[in-house]
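In what follows, a single structure is set out as structure tokens and then discussed.
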Amino acid sequence: MTNATSHPEHTDLSNAAWFKASASSGSGGCIEVAFPDNDRVTIRDNDDPNNPPFVVTRHVFNCWVDGAKNGEFDAPA
């Protein structure tokens, strides 16, 4: 998932503070995000928190958020 020269393969998430959208209202079906350090963002499905999270750089995450805000990832009608 990450380049071993710039990022460790394993990220310690034991103290991660996970955030999810308020739209989920505790009923599941939401993506959770944590920021374990200044350069990485971890993403997981809150319906399956034991599944390993997806780890990306903050730059990649910010690009995705920008695209989502602009409707670039809206599902086809």
Side-chain angles (χ1 to χ4, degrees):
M1 239 184 268
T2 57
N3 180 324
T5 59
S6 60
H7 302 292
E9 279 279 326
H10 302 285
T11 300
D12 179 14
L13 300 175
S14 58
N15 293 317
W18 292 95
F19 300 90
K20 63 182 173 179
S22 59
S24 71
S25 67
S27 61
C30 195
I31 296 291
E32 294 182 323
V33 177
F35 303 91
D37 61 37
N38 288 334
D39 188 47
R40 283 175 285 185
V41 179
T42 54
I43 304 160
R44 71 180 183 185
D45 178 351
N46 76 339
D47 284 338
D48 191 6
N50 293 318
N51 195 20
F54 187 67
V55 181
V56 296
T57 64
R58 191 170 291 238
H59 172 75
V60 167
F61 180 75
N62 289 339
C63 289
W64 184 86
V65 168
D66 184 60
K69 287 179 181 178
N70 290 318
E72 295 174 19
F73 304 112
D74 291 353

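These values consider heavy atoms only, across backbone and side chains, with no hydrogens, waters or symmetry-generated copies. As the structure is a prediction and not an experimental result, all values here were calculated from the model.
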For the pair N46 (side chain) and C30 (backbone), establish whether a donor and an acceptor sit closer than 3.5 Å, ignoring hydrogens and angles.
-> yes

Report yes or no: does N70 contribute a side-chain atom to a donor-acceptor pair with the main-chain N or O of E72 at less than 3.5 Å?
-> no

Heavy atoms from other residues, nucleotides or ligands near CG of N15 exceed 12 (cutoff 6.0 Å) = no

Heavy-atom pair of closest approach, residues A34 and A16 = CB-CB, 3.9 Å

Taking only residues two or more places apart in sequence or in another chain, which ones pass ring pair (Phe, Tyr, Trp, His ring centres under 6.0 Å) with W18?
-> none

Could you grab the distance from atom OG1 of T57 to atom CZ of R40, nearest 0.5 Å is fine?
-> 10.5 Å

To the nearest 0.5 Å, atom CZ of F61 lies from atom OG1 of T42 at 9.5 Å

Hey, what's the ring geometry for F35 with F19, parallel, tilted or perpendicular (30° and 60° as the breaks)?
-> tilted

